[in-house]
Every structure is written in C-alpha cells, then in structure tokens.
Novice: 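Here you go, one structure.
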Amino acid sequence: MIMTLKLTKEHILENILKGKRLDSRKLDEYREIKIETGVSKKAEGSAKVTIGETIVLAGVKMATATPYPDTPEEGVMTTSAEYLPMGAPEFESGPPREDEIILGRVVDRAIRESKCIDFKKLCIEPKEKVWMVFVDILVMNHDGNLFDACGLAAIAALKDAKMPTLTDDDTIDHENLKGSLPIKGTPITIAVKCYKGKYILDTNADEGEALTSQIIVGSNDDGTVSSLQKCGTEGITKKEIADMLKLAVDTSKKIRAKHFK
Amino acid sequence: MIMTLKLTKEHILENILKGKRLDSRKLDEYREIKIETGVSKKAEGSAKVTIGETIVLAGVKMATATPYPDTPEEGVMTTSAEYLPMGAPEFESGPPREDEIILGRVVDRAIRESKCIDFKKLCIEPKEKVWMVFVDILVMNHDGNLFDACGLAAIAALKDAKMPTLTDDDTIDHENLKGSLPIKGTPITIAVKCYKGKYILDTNADEGEALTSQIIVGSNDDGTVSSLQKCGTEGITKKEIADMLKLAVDTSKKIRAKHFK
Amino acid sequence: MIMTLKLTKEHILENILKGKRLDSRKLDEYREIKIETGVSKKAEGSAKVTIGETIVLAGVKMATATPYPDTPEEGVMTTSAEYLPMGAPEFESGPPREDEIILGRVVDRAIRESKCIDFKKLCIEPKEKVWMVFVDILVMNHDGNLFDACGLAAIAALKDAKMPTLTDDDTIDHENLKGSLPIKGTPITIAVKCYKGKYILDTNADEGEALTSQIIVGSNDDGTVSSLQKCGTEGITKKEIADMLKLAVDTSKKIRAKHFK
Amino acid sequence: MTKSERADNRKLDEIRPMKMKVGVIKRADGSAEVEFGDTKVVAAVYGPRQIHPRHQERPDRSVLRCRYNMLPFSVSDRKRPGYDRRSTELGKVITESLQPALFLEEFPKTAIDIDMEITQADAGTRAAAINAASLALAHAGIPMRDLVTSVAAGRANKKLLLDMTKEEEDAPDAIDLPMAMMPRTGKVTLLQMDGIVSPEDIEKIVDLAEIGCMKIYEAQKKALHEKYRS
Amino acid sequence: MTKSERADNRKLDEIRPMKMKVGVIKRADGSAEVEFGDTKVVAAVYGPRQIHPRHQERPDRSVLRCRYNMLPFSVSDRKRPGYDRRSTELGKVITESLQPALFLEEFPKTAIDIDMEITQADAGTRAAAINAASLALAHAGIPMRDLVTSVAAGRANKKLLLDMTKEEEDAPDAIDLPMAMMPRTGKVTLLQMDGIVSPEDIEKIVDLAEIGCMKIYEAQKKALHEKYRS
Amino acid sequence: MTKSERADNRKLDEIRPMKMKVGVIKRADGSAEVEFGDTKVVAAVYGPRQIHPRHQERPDRSVLRCRYNMLPFSVSDRKRPGYDRRSTELGKVITESLQPALFLEEFPKTAIDIDMEITQADAGTRAAAINAASLALAHAGIPMRDLVTSVAAGRANKKLLLDMTKEEEDAPDAIDLPMAMMPRTGKVTLLQMDGIVSPEDIEKIVDLAEIGCMKIYEAQKKALHEKYRS
C-alpha cells in the first residue's frame with residue numbers, strides 16, 4: 001500500500017497537478033465511507049468507521065468524577081487517539097507520539113467547540129460529582145485520512161452512547177442504560193490538503209506521505225465552523241484558506257446528509 | 001556459578017538423561033532449605049529463605065485502603081517480586097521485567113487462590129476502610145529455583161506477620177502489634193522442570209538456563225491444587241502434566257511437614 | 001564561555017595557586033549580584049537572580065493540601081530546581097538529573113532547617129487542610145555558582161510572596177492576596193570551593209568544571225549554620241572544613257547586609 | 001439438572017458461538033478476527049522483519065514478540081491505556097504458547113510481532129487471542145508445525161464446563177483452566193489455572209479442554225480455507 | 001460603544017504594549033525575550049549542532065526541534081513540570097510555523113533546537129513564543145527566508161479584536177484564532193481556531209491578524225537593529 | 001545526668017552494637033552485611049566490568065555507580081519501590097564518598113557497580129551503607145588507597161552524641177552530621193548536616209565523628225581478617 005520510493009511521491013504530485021489520482025478518483029472524491037455503530041457491547045457507545053482500507057474504532061465509556069473548580073456544574077469529556085501497532089508497520093507501541101496527540105486534540109476540539117454536548121446535563125451534583133465522558137479512538141488499519149475517519153468515529157460513538165445509571169450506593173451500573181447523551185448536532189472534521197493551488201480530499205496513505213500541507217476544519221449542521229488547524233511544513237495563502245474552508249464545509253454537509261440522517 | 005558455555009548446557013542435559021546432576025544430587029533432590037522468620041524488625045512479618053546459594057527476602061507491610069467496589073467487606077493483598085541488582089550480574093535495576101512480573105504473579109495466585117487468607121477479617125469498616133497487605137519479595141542472590149524460594153518466603157512472612165493497630169485518630173501504629181494475620185493452611189509453590197520424560201526439582205542457576213520447560217504448582221495441606229502455570233517454550237504432554245502435578249503435590253507435603261509444623 | 005580544552009583547566013588551576021583568576025577577580029571576590037523580585041505577576045512571589053552571566057528564576061506558588069499525619073498542624077514546602085534546556089548547550093530536557101536533584105535538595109534544606117518559615121502558621125484546619133508552598137527554581141543561563149544563585153532566588157522569592165486567600169467555597173483566590181508568608185530571617189547558601197589550600201568563591205562555568213571539591217553552607221542572620229553539604233570527588237581535611245565554614249558564614253553576612261536589608 | 005443446563009443453554013462441553021475471519025487488517029502481513037460469544041479479538045502479524053531496538057536481535061533465530069492489549073472500552077469500567085502487569089504476563093505466556101509451533105531459527109536476526117487487541121471482553125480473552133494469533137501467523141505465510149489452538153475449561157457450580165462465560169467464572173467454586181495445544185502432536189503449550197481442585201479433576205478438565213481444542217482446530221482450518229478459496 | 005472600548009482601552013486592532021529584546025541568554029547561540037502585555041516569553045536557539053539521540057539524524061537536512069514550556073509559576077494554579085499533551089502539540093505546530101522560513105537542507109545531519117519558556121502567561125503565549133523564537137533564530141545567524149511573525153485575533157462580545165487578553169478570551173461568544181505568517185510573501189504558517197463562527201467572519205479575522213503581523217514585523221526588525229547597532 | 005545517660009544506656013561517644021560480615025552474596029564479586037543497632041544493610045559489588053548503557057563509558061577511567069535503596073518493608077510505613085529524589089541524592093553522595101579511595105584510572109572503559117540495600121532502617125543508614133560498600137569493594141579485590149569508614153555524629157537534648165538513634169534524631173534541638181573519611185590520611189569524603197548549630201559546635205561534632213570512624217575502621221579490618229582467615 002505504501003510505496004516508499006521517491007518516484008511514487010513525484011508520480012503522485014505530477015498527477016495531482018493534472019487533476020488525477022493514481023486510483024483514478026477525482027481530487028475531491030472520497031473512497032467508500034462505512035459507519036457501523038454498536039460494535040462493542042461493553043462500551044456505552046461505539047463505532048467503526050472505514051474509509052477505503054482505513055479502519056478506525058471509537059468507544060465511549062463513562063465514569064463519575066469531581067468537576068473542575070471553574071465549572072462546578074458541568075460534566076467533562078476527554079478524547080484521545082492511539083495508533084495500534086497493528087495499524088501500520090511503522091507504528092510501534094510506546095508513549096504517545098506527537099501525531100497521535102494532535103489527532104486526538106483536533107478531534108476533541110471539533111466536538112467540544114461545536115458545543116454539541118450539553119455538559120450542564122452531565123452534572124450529577126454541583127461541585128461534587130459529574131459524568132466524565134471518555135472517547136477513545138483507535139487506528140486499526142492506516143491507509144490515510146485519519147482526521148476524517150477519527151472525527152466521524154468519535155461523533156458516531158457519542159451519538160450511539162447510552163447513559164449508564166447509578167445504583168443506590170453510588171456505583172455505576174453499566175448494564176442498566178437509560179437514554180442518550182445530551183447531544184445536538186453533528187460536528188464533522190474534514191481535512192483538506194493543498195498542493196500548488198489544487199485541493200485534495202481523503203488522501204490515502206501514499207498520498208498522505210506526499211502531501212503534507214493541509215487544514216483540518218470542524219464544522220456544524222448550520223455551516224458554521226468551530227475549529228481550524230493548519231498542519232504541514234509549508235505556508236498557505238489567504239485565498240487558499242478561504243477556498244479550503246468552503247470546500248470543507250460543503251463536504252461536511254454531504255457526509256452529514258448521507259451518514260447522519 | 002553460571003557457566004555460560006554451550007558445553008555446560010549440553011553436559012547438564014546429557015547427565016539428566018542418565019538421571020544425574022553435576023552437583024551429584026538426584027533429579028528430585030533439593031539443596032538445603034533454610035527458612036528464618038522475623039528478619040526485619042520494621043516489617044509486620046518477614047522471612048529469609050535460602051535454598052543452596054539462592055537467597056530471597058520477603059516482608060509484609062500493612063496499610064489501610066478503600067475496598068474494591070465489588071468486595072466492599074474484604075481486605076486486599078498485593079504481592080510483587082523484584083530482582084535486586086546484587087542478585088546476579090545480569091540483573092539491573094529498572095522497570096519490572098517480564099520474569100519478575102510473572103514470578104510475583106505466580107506466587108500471588110498460589111496464595112490468593114488457596115483462600116488461606118480470610119479477607120473478610122481484614123475489613124475495618126465495610127465500603128470505607130480495609131487492611132491492605134503488601135507482600136514484597138526480593139531476590140538477593142540468584143542460584144536458581146526462584147519460584148520455590150519466593151513462594152516459601154511469601155507464605156513464611158505472612159505467617160510471621162502480626163497485625164498493626166489503629167490509634168484513636170485512625171493512623172496506623174506499627175509498634176503496637178496485636179495477633180496474627182487470619183491465615184489457615186500453608187500453600188506451597190513447587191516448580192517441576194521436565195526434559196525428555198525426566199522430571200527435575202530445585203534446579204540451580206546453570207540447570208535453570210539449560211531447562212526451561214516447567215510447570216509451577218501451588219498446592220495445599222489437603223493435597224488440592226490451587227494454581228498452575230506452565231512456563232517455557234516447549235510443549236508438554238498430558239501424561240507429563242499428570243506426573244508433574246503429582247510430584248509437585250508430594251514434594252509440597254514433604255516441605256510443609258519439615259518446615260511448617 | 002566554557003572552554004573545554006584541558007589546557008584551560010590547567011591554566012585555571014595554575015593561576016589559582018598564585019591567587020589569581022582568569023577574569024582578574026580575587027579568589028573570594030564575587031561577580032556582580034543582582035536580585036529583582038516580583039518578576040512574574042502570576043506567581044505568589046518571584047525573583048530573578050543574576051550573578052555575572054548566570055541567570056536563575058524562582059517562583060512561589062501556593063495550593064492547599066492534606067498535612068502529613070505526623071505534623072497535622074503544619075503546612076508543607078517543596079523546593080525543586082531544574083536546568084532549562086536554554087541554560088547551556090549540555091542541558092537537555094528530560095527526567096531530573098542527579099545534579100538538579102541535589103541542587104534542589106541542598107537549597108531546600110538550607111531554608112527548611114533554618115526554621116525561618118513558621119509552618120504552624122500555614123495550617124488552615126488541623127489534620128484536614130494546610131498550605132503547601134511550591135518553590136520552583138529554574139536555571140536560565142548557566143555560568144557557574146548555581147548553589148549561591150538558586151539559594152538567593154529561593155529565599156528572595158519566598159520573602160516576596162503574598163498569601164492567596166480562600167473563597168467561601170474553599171477554592172483559592174490567586175488575585176486577592178493578603179499579607180506575607182510567615183518568614184523570619186534570611187538563610188543564605190554559599191558554596192566554597194577548595195584547591196590545594198586555596199578557597200574560591202563564586203566560580204564561573206569554566207572554573208566550576210576545573211574545581212569540583214566544595215562545601216555548601218546554609219547559614220543564618222545570627223551566624224549559625226543550618227545545613228552543610230560536601231560535594232566533589234576529593235577528600236578534604238578538618239582544617240579546611242573549619243576555614244571554609246568561617247568563610248561561608250562571613251560571606252553570607254556581607255550578602256545579607258547588602259541585598260536584604 | 002440435565003447436561004444442557006447452562007445459563008446460555010449450552011451443553012457442558014459446548015463452545016460459545018464462534019466466528020473466525022482471516023485477513024481483516026490490510027497493512028499487516030497476516031491478520032484475523034475471532035469471536036467466542038461476546039469476546040472479540042483482532043490479531044495482526046508483522047514479520048519476519050528487522051528488529052528494533054537492535055539490542056534485542058538474536059544471531060541464531062527470530063524473536064517472537066506478542067502484545068496482548070484490552071481496548072479501553074472493552075470492559076465495563078474503562079481500562080486506562082498502557083501496559084499493566086496482567087497484560088505483560090499474558091504477552092509472555094502467549095508468546096510461549098505460540099513459539100513451539102514456529103521455526104524461529106529459520107529467520108535469524110529478525111522479529112515476528114503479533115498485536116492482539118481485545119475489542120470486547122467476556123471471559124476467555126487469552127484463548128481467543130491465541131486462536132486469532134495462530135490464524136494471523138498462518139495467513140502471513142509464516143511456516144508452522146501446526147496451528148495452535150486454545151480454549152479454557154473449568155468448573156462452576158460443581159459441573160465441569162468448557163469455555164466458561166464471565167458469569168460462570170464468578171461462581172463460588174469456579175476454577176478456570178486456559179489451555180493451548182498443537183492438536184497434531186497433542187503437546188500442551190499453555191496451561192494456567194486458578195481455583196481449588198484435586199489433581200484428578202485437573203486431569204478431567206484438561207481432557208475437556210482437549211476436546212474443545214479439537215473443535216476449534218476444525219473451525220480454524222475452515223476459516224483459512226475460506227480465505228484461500230475466495 | 002466606540003471602537004476603543006476594550007477593558008484595557010485598546011482599539012479593536014491594537015496590540016498590547018510590546019517589548020522585544022534580543023540577546024538575553026549568553027550561553028545560547030541566539031536568544032530573545034518578548035512581552036505582550038502580561039505575557040512574557042524567553043526563547044533561545046542552539047544549533048545547527050550535532051543531534052542526539054542519533055537516530056533522529058536526517059541525511060539530507062537539519063531537524064528543527066521546538067520545545068514550548070510554561071514555567072510552574074507562570075499561571076494561577078501551579079503547573080506541574082514536565083510535558084503534557086498541550087505543550088507537545090504546541091511544540092509541533094510551532095515547529096511547523098517556523099520551518100517554512102528556514103533552509104534546513106543546508107545543514108544536513110544536524111539539529112536546530114529552540115527552547116521557549118513562558119515565564120508569565122496571559123493569553124497569546126504561542127504567538128509570543130513564535131515571535132521570540134523567530135528573533136532568536138535571526139540572532140543566532142541562521143539564514144531565513146523571512147522573519148516569522150505571529151499574533152492571535154478573534155471575537156469577543158460581538159466585536160472582532162486583535163491580540164485578545166485572557167479576559168476577552170473568556171467571553172461567552174469568544175473565538176480565538178492564532179496565526180503566524182511570513183510577511184514578505186503573505187504565506188500563513190500557523191493557523192488554529194476554536195469557537196463557533198461563520199466562514200466569512202474567519203476571513204475577516206484572518207485579515208485582522210494579518211494587520212497585526214505587519215505591526216509586529218516592524219517591532220521585530222527594530223529589536224534586531226537595536227541589537228546590532230549597540 | 002551522667003555521660004552514659006542515653007535511652008539505650010550508651011556513652012555519648014559510643015557506637016551502637018556493630019556486626020560486620022564479609023562475603024554474603026555469592027554471585028557478586030564482593031559483598032558485606034553491616035548492622036548498627038537496628039539498622040541493617042547489605043552491599044554487593046560487581047566490577048570492574050563492561051558498562052551498559054555504553055554511552056556512559058569513559059575512555060580514561062572506570063565509572064563508579066552506587067545504588068542506595070530501602071527495601072519496602074525496612075521502614076514503618078511501606079516505602080514504594082523505585083527511585084525517589086532522596087535515594088538519587090544518596091547514591092550520588094555515597095559515590096563521591098568512596099571514589100577518593102579508588103584507582104578508577106586503572107580500569108578504563110569499565111563500570112564498578114555497588115548495590116546497597118537497606119533491609120532495616122533505624123537511623124544512620126547512609127553511614128552503614130558506606131561501611132558495607134567499602135568492605136564489599138575490599139572483598140572484591142578492587143585496589144583501594146584506604147577503607148572508607150563512616151558514622152553520623154550530632155546533638156540531641158543539648159548533648160553531643162555519636163551514632164544517634166531515630167529517637168535521638170527526633171529531639172527538638174537535634175542536629176545530624178553524617179561523615180565519611182579515609183582514616184589513614186584523615187581526609188573527609190562525605191559531610192552533610194541538618195539543624196541549627198554554631199560553627200564551633202560543628203568542629204566538635206566533626207571531632208566526635210572522627211573518633212567514631214577510627215573505631216569502625218578497626219571493626220572493618222577485623223571483619224576482613226576473619227573472612228580471609230577462614
């Protein structure tokens with residue numbers, strides 16, 4: 001899948017300038033996206049997202065915690081992404097690498113900043129006890145476009161999740177679930193890569209090696225944007241920013257319409 | 001003590017096939033076992049076990065802790081084994097290695113699964129406060145057969161231990177001890193090595209390098225078995241399992257009779 | 001600044017035997033010392049100390065904590081020193097190195113053992129809640145004599161510190177400060193190096209590489225000593241100890257008089 | 001009580017519904033997904049390949065390295081990511097259960113890495129992981145003496161049982177004996193046990209586990225055939 | 001409300017009082033201290049130099065490594081020393097914001113290390129850190145295509161603002177957009193954003209940030225001239 | 001009160017009952033066990049030997065590495081295993097106390113490793129550890145200028161005392177001064193102190209510690225003779 005030869009990289013770039021891709025997709029064309037929910041019975045919510053050969057799992061677990069002193073009546077969420085060693089030959093288990101941290105934080109911000117979760121409703125007792133939502137995202141097979149895949153998996157797992165209940169002696173009953181998480185809307189994360197004025201969506205692993213400049217856009221049902229992050233070691237112009245923003249918002253609408261009715 | 005030459009290994013194996021050992025012991029013959037208790041005054045209980053040149057120290061300390069939610073009226077025990085850097089040239093201090101973890105966990109299970117400790121009696125206040133028993137086992141000189149030595153040291157230290165008391169303001173008084181731990185019976189861990197139909201007990205360091213296949217059996221006063229673990233990279237037959245089980249149980253009876261009246 | 005050539009080291013040592021230094025200071029002469037306080041608005045107290053080109057920052061932060069069981073009515077203090085990567089080409093970020101740990105612990109002891117802080121006054125509620133004082137010392141540019149610089153920065157930051165207040169719901173208000181920390185006196189840490197009967201103060205980075213034997217003395221306003229530590233891989237005589245002690249106490253008096261009226 | 005009276009209506013020597021699928025992780029050299037009832041595991045193999053860190057390299061053989069990992073949401077109370085003592089132990093005993101089937105001396109100076117991820121845990125995770133790893137090794141084309149096949153047998157409520165559920169494992173008299181073997185030679189390559197039992201009963205439970213292994217062996221071979229037929 | 005009505009009486013497109021000083025850390029190859037209002041940062045550069053650990057070495061270029069670190073007392077509640085996820089992320093995005101300005105291929109097999117220490121934090125720390133790092137690189141004599149210059153713009157209380165304070169960032173409708181650019185070419189090298197906003201408003205905020213960058217660029221050049229005049 | 005009035009009836013300049021035994025850890029190149037009252041320590045030496053990790057190697061000398069470790073059950077409240085700041089500090093100061101007695105330049109590119117394990121702690125553990133390490137070095141046949149010998153002296157309840165107990169260390173006016181020396185030359189190789197005291201009293205306490213070191217030196221020599229006589 002990954003051809004490490006320099007030739008491949010140059011070949012990919014030459015084709016993109018002509019508006020072509022090696023797998024004959026258009027520059028803004030996605031591979032097939034599949035979203036399955038409820039894939040792990042032990043999780044409060046879970047989702048498996050495949051985009052082409054890329055496979056990502058996300059699971060939601062809940063626990064109780066003390067709220068932060070500055071938001072004594074709000075629940076908390078923590079999102080992290082991890083590359084499983086099985087996901088690619090170059091992944092190895094160990095402390096979280098920069099790329100994993102950024103992946104987790106970008107997905108986290110897209111969800112958090114969209115304010116789609118009503119954290120006030122996750123308060124059990126002000127100042128004392130709130131629900132803590134863990135979103136764990138695992139990359140099982142890496143064939144590119146992890147930002148889109150992880151963002152979709154996270155929001156799909158959150159929307160799939162049911163609330164656990166508290167027993168009389170205040171322990172959590174993970175079997176007896178009741179109602180969904182308080183979520184409104186579907187924030188979606190889209191990575192748009194750019195190369196000499198061309199904009200490319202859903203890059204596979206080889207393309208991702210060749211194309212590093214990108215912005216990742218988290219946007220909402222109403223077309224607003226709630227998070228933005230540029231990655232890569234090349235500068236981009238203001239015009240490119242505006243174009244890529246528009247492309248990301250439009251693309252998120254299509255995906256939302258198709259996969260989250 | 002450890003001769004690393006391949007010759008040594010072959011020499012050991014050839015002799016074993018003839019039923020002989022380099023130090024002229026029989027295959028099922030132990031080196032001298034010595035068990036001293038009360039070797040560290042600061043510990044609630046302690047024991048030093050020597051088997052030939054192998055030296056192992058175990059100490060018991062107690063603290064208070066919150067019980068696990070699923071056993072709100074039971075105390076807890078944690079057992080760990082560590083190779084001290086002094087124990088052999090190849091030991092180095094650092095994070096626990098696989099072998100140390102398995103050594104600690106096998107000894108832990110032999111004691112825990114025998115149910116010799118009445119954890120209910122280690123409850124101070126249900127759901128709130130129980131006794132936590134720490135068993136720390138240290139390998140001071142490694143000349144083989146660490147499973148037997150560590151198992152003996154752990155149970156001897158537990159049987160030697162006295163309960164600390166709680167002061168009026170709920171701190172632990174380690175000077176004012178009162179009564180033994182609630183222990184019945186003497187689970188004993190025996191490692192039986194096998195090589196082409198021969199069963200060997202109490203291997204020294206050189207023999208241990210040459211012979212890796214073994215089962216470690218935790219057994220009790222009444223001849224029942226409460227833990228079992230195969231180690232080593234060779235398969236064994238069902239007949240060998242049955243033979244080794246019997247040998248382990250018989251051996252544990254002899255050691256129990258001699259060292260724990 | 002650091003000349004790593006052996007020649008430099010020998011040159012430094014030859015000169016010291018003649019009572020001379022490469023920068024033409026006398027053996028007991030300091031470079032210029034500057035102490036600025038209030039250098040970080042977010043800290044409860046802070047100080048920047050420069051001695052020649054050496055720059056050290058110290059900051060005090062306070063938090064609440066549970067007291068130690070054996071001192072249920074006393075606040076606690078923790079002091080640590082860290083080499084910032086910017087401080088010298090040989091510093092690298094990572095786990096604390098031996099030298100950093102010793103630097104932090106020597107400064108901590110000089111302050112703690114002088115009993116200049118009245119820890120009883122840092123009790124909020126006996127057994128339950130006390131103030132915890134964090135003193136963080138950072139080496140920003142290392143041109144020698146870190147013990148003196150860090151000791152001065154720590155005590156200057158502590159004397160600069162104001163107490164935060166507690167809000168009605170027991171959170172800390174770091175904006176609303178009230179009164180100083182309960183500190184009496186000014187313990188000062190002086191490192192005296194010795195070489196063949198010569199005593200040298202305030203060594204720069206090159207000199208510090210050449211001269212490793214030293215004692216570090218923490219002393220007080222009344223001329224008493226409250227901490228002492230020998231460092232370096234050479235032995236010293238009893239007479240040298242006595243001489244160096246006296247030199248350190250006298251020097252601390254001069255510095256105290258000049259910089260802490 | 002009849003033989004079929006288990007909470008899930010299985011017979012005493014019946015294995016939970018199994019699913020096995022080979023070739024689920026495209027980037028890996030070999031992979032498989034295995035389900036036993038509500039226990040699910042994915043295993044993937046990389047290798048033989050260059051070994052990092054290099055000091056682990058052996059001049060005369062390949063080094064087999066197995067990682068056993070539970071995903072954070074595979075259990076009721078979230079599991080903190082990262083190694084713990086249990087997973088370290090299981091990585092080691094699983095390595096030892098698979099090694100007898102491999103010809104490591106044929107691939108000197110390399111590593112064979114197996115990553116086993118438990119995606120849903122309901123008893124028998126180590127046996128499921130071994131079965132999946134064994135399929136993934138075969139799928140990777142790594143030469144093997146035999147498939148390694150694994151199941152736990154044990155006792156609950158005075159009955160000897162095959163492939164216990166979490167519920168059965170919680171019985172007051174429960175004993176749990178996970179075993180792995182190479183069916184062609186009958187050699188046992190993993191054997192662990194917890195719980196008080198007589199040596200005679202251990203032999204019966206080992207026999208029961210052997211029966212289970214034979215059934216699983218057939219299922220493994222079928223899964224491999226399906227992969228290569230398609 | 002007039003345009004000048006911000007809590008600190010600044011105009012909407014006004015930057016907080018700036019101080020920039022080059023050459024503050026003698027041991028380093030280059031260094032600078034930068035203040036924006038109550039935010040203070042010191043940056044120092046070492047390199048190009050030999051790289052440790054050696055496996056990070058690249059045969060065809062220098063490796064730029066940026067550390068962003070908040071001192072424990074730079075914030076209200078003491079920050080535990082050591083890396084956290086936020087500082088790891090910022091180290092990475094700051095690296096990417098500076099790299100386009102450098103000629104890393106001219107120094108193969110070396111590292112260029114930048115240490116940025118936040119001594120006092122009141123919003124805009126990453127922008128201040130980039131400005132300081134850029135000055136430190138220039139001071140170290142490392143060839144650059146352009147200075148990199150950075151500021152955050154955003155929205156608070158329905159107004160679009162430049163260089164927000166911590167107070168402004170806490171407004172219920174706040175959005176914060178830190179940006180870095182190379183002024184000569186107008187290429188944006190860092191862009192992040194949090195908070196709900198329309199794509200059109202993003203464009204306006206980017207324009208505002210660009211105005212800020214131009215002002216900071218002048219201040220940076222002045223600070224370098226002062227250093228070299230003296 | 002007479003001079004002999006200490007809680008344990010010792011004289012002010014009397015050392016607690018000592019036991020010293022050489023050669024207690026067979027695998028080590030040298031070893032010793034030392035007791036001072038209720039303080040017990042075992043020390044063992046490996047080396048000169050190849051050094052790992054290799055980057056610690058020095059071309060012109062051996063590297064002395066000392067580990068000081070308290071066993072978890074050597075103190076009243078269990079000590080968590082693993083390094084802490086105190087044990088790191090003690091490892092370093094003990095290294096510096098022993099190094100002056102060794103000829104490290106005779107064993108370039110090697111390590112000499114000393115492991116000191118406190119099995120029972122009741123004051124004076126670092127002094128006991130140094131005495132044991134010194135015996136272990138001699139037992140390992142490593143050439144030394146002199147044995148290093150160590151004891152703590154100090155003050156409690158207004159009296160200057162040798163070899164204080166934990167109880168004495170807890171007196172409100174306590175000062176504790178651990179010292180090590182090479183008796184033949186009188187060179188002090190370790191000196192630490194905590195507690196408020198005049199410079200004049202420090203000199204007296206150092207004199208007292210010197211007296212203690214001389215007594216311990218005799219005991220060390222006797223322990224070595226006993227080992228080699230037998």
Side-chain angles (χ1 to χ4, degrees), chain A residues 6 68-70 78-81 95-106 108-110 112-116 185 187 194 212-250, chain E residues 60-61 64-66 76-77 83-93 95-102 104 145-146 148 170 172-207 209-210 213:
Chain A
K6 265 204 167 177
Y68 289 114
D70 51 343
T78 172
T79 305
S80 56
R97 302 186 309 165
E98 283 180 351
D99 289 350
E100 290 171 288
I101 288 174
I102 290 188
L103 182 55
R105 285 177 65 84
V106 165
D108 182 274
R109 277 203 292 269
R112 184 186 306 279
E113 296 295 335
S114 79
K115 300 200 162 61
C116 68
C194 68
T212 57
S213 270
Q214 62 186 315
I215 63 173
I216 302 113
V217 181
S219 65
N220 305 306
D221 303 62
D222 61 0
T224 56
V225 172
S226 48
S227 72
L228 205 57
Q229 176 125 347
K230 178 192 172 293
C231 288
T233 55
E234 276 167 53
I236 50 176
T237 63
K238 287 203 297 175
K239 176 179 182 311
E240 287 169 337
I241 294 170
D243 289 347
M244 290 156 87
L245 258 179
K246 188 173 173 338
L247 180 56
V249 171
D250 289 349
Chain E
D60 57 342
R61 63 173 179 92
L64 177 64
R65 302 185 294 190
C66 296
S76 284
D77 288 316
Y83 281 104
D84 52 18
R85 300 167 68 88
R86 178 176 176 272
S87 61
T88 302
E89 181 194 353
L90 290 187
K92 170 94 169 177
V93 298
T95 302
E96 294 188 344
S97 78
L98 294 169
Q99 191 160 331
L102 298 176
L104 296 182
R145 292 186 172 83
D146 197 358
V148 177
D170 289 342
D173 69 333
I175 79 145
D176 182 36
L177 182 147
M179 187 169 106
M181 68 190 309
M182 294 185 290
R184 254 190 258 170
T185 59
K187 290 270 184 126
V188 173
T189 64
L190 174 132
L191 183 70
Q192 295 185 297
M193 195 207 70
D194 288 339
I196 302 175
V197 63
S198 68
E200 298 70 37
D201 275 359
I202 292 177
E203 292 183 41
K204 287 181 202 159
I205 295 167
V206 166
D207 287 340
E210 188 180 27
C213 283

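Chain identifiers are assigned alphabetically (A, B, ...) following the order of the sequence lines, protein sequences preceding nucleic acid strands; residue numbering begins at 1 within each chain. Bear in mind that the values here come from a model prediction, so they are computed numbers and not experimental data. Only this structure's heavy atoms are used, side chains among them; waters, hydrogens and symmetry mates stay out.
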Novice: Given that the side chain runs from C-beta out, which part of D99(A) has a heavy atom under 4.5 Å from chain E: side chain, backbone, both or neither?
Specialist: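 For D99(A), the side chain is the part near chain E, not the backbone.
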Novice: For the CG atom of L228(A) and the CE atom of M193(E), what is their distance to the nearest 0.5 Å?
Specialist: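 L228(A) CG to M193(E) CE: 5.5 Å, rounded to 0.5 Å.
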Novice: Do Q192(E) and R109(A) come within less than 4.5 Å of each other through their side chains, counting heavy atoms only?
Specialist: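 The answer is yes, as the side chains (C-beta and beyond) meet within the 4.5 Å cut-off.
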Novice: How long is the straight-line distance from OG of S198(E) back to CG of N220(A), given to the nearest 0.5 Å?
Specialist: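 OG of S198(E) is found 12.0 Å from CG of N220(A).
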Novice: Name the option with the most non-hydrogen atom pairs under 4.5 Å to chain A; the candidates are V197(E), L177(E), D207(E), L64(E).
Specialist: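 So the answer, after comparing V197(E), L177(E), D207(E), L64(E), is V197(E).
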Novice: Quick check: under 4.5 Å, non-hydrogen atoms only, which of residues 237-244 of chain A neighbour chain E?
Specialist: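 Within residues 237-244 of chain A, the residues that come under 4.5 Å of chain E (heavy atoms only) are T237(A), K238(A), I241(A), A242(A).
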Novice: Return the option, out of T189(E), I175(E), I196(E), D77(E), with the maximum number of heavy-atom pairs under 4.5 Å with chain A.
Specialist: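 Ranked by contacts with chain A, first place is I196(E).
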Novice: I want to check something: taking the side chain as every heavy atom from C-beta on, are K92(E) and I102(A) in contact at a cut-off of under 4.5 Å?
Specialist: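 With C-beta onward as the side chain, the pair touches.
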Novice: Taking side chain as everything from C-beta outward and backbone as N, CA, C, O, which of these in V225(A) sits under 4.5 Å from a heavy atom of chain E? Side chain, backbone, both or neither.
Specialist: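 For V225(A), backbone and side chain are both near chain E.
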Novice: Please look at E234(A) and chain E and tell me whether the side chain, the backbone, both or neither of the residue comes under 4.5 angstrom of a heavy atom of that chain.
Specialist: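 Backbone only.
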Novice: Starting at CG of L191(E), measure out to CD1 of I216(A) and round the result to the nearest 0.5 Å.
Specialist: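 Rounded to the nearest 0.5 Å, the CG-CD1 separation comes out at 10.5 Å.
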Novice: Of all heavy-atom pairs between S80(A) and R85(E), which one has the smallest distance, and what is that distance?
Specialist: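 Of all heavy-atom pairs spanning S80(A) and R85(E), the closest is CB-NH2, 3.7 Å.
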Novice: Taking all heavy atoms of V188(E) and all of K230(A), pick out the closest pair and write down the distance.
Specialist: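 Looking at all heavy atoms of both residues, the closest pair is O-CE, 3.4 Å.
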Novice: Measure from the side-chain N and O atoms of E96(E) to the backbone N and O of G232(A), and report whether any donor-acceptor pair falls under 3.5 Å.
Specialist: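 A pair under 3.5 Å: yes.
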Novice: Between P199(E) and L245(A), which heavy-atom pair has the shortest distance, and what is it?
Specialist: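 Of all heavy-atom pairs spanning P199(E) and L245(A), the closest is O-CD1, 4.2 Å.
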Novice: Under a 4.5 Å heavy-atom cut-off, does chain A meet the side chain of L190(E), its backbone, both or neither?
Specialist: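 Interface part for L190(E): backbone (N, CA, C, O).
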Novice: In terms of heavy-atom proximity below 4.5 Å to chain A, should E203(E) be classed as side chain, backbone, both, or neither?
Specialist: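 Only the side chain of E203(E) comes within 4.5 Å of chain A.
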Novice: Which bit of E210(E) is near chain A, if near means a heavy-atom gap under 4.5 Å: side chain, backbone, both or neither?
Specialist: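 Side chain only.
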Novice: Check each atom of S219(A) against the heavy atoms of chain E and say whether the ones under 4.5 Å are side chain, backbone, both or neither.
Specialist: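 For S219(A), there is no contact with chain E at all, as no heavy atom is under 4.5 Å.
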Novice: What part of S227(A) lies closer than 4.5 angstrom to a heavy atom of chain E: side chain, backbone, both or neither?
Specialist: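 Both the backbone and the side chain of S227(A) come within 4.5 Å of chain E.
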Novice: Would you check if R105(A) and R86(E) make a side-chain contact, meaning some heavy-atom pair closer than 4.5 Å?
Specialist: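 Side chain of R105(A) against side chain of R86(E), heavy atoms only: contact under 4.5 Å found.
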Novice: Side chains of V93(E) and Q229(A): does their closest heavy-atom pair fall under 4.5 Å?
Specialist: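 Sidechains of Q229(A) and V93(E): in contact.
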Novice: How long is the gap from CD on E113(A) to CG on D194(E), to the nearest 0.5 Å?
Specialist: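 One gets 4.0 Å once the value is rounded to the nearest 0.5 Å.
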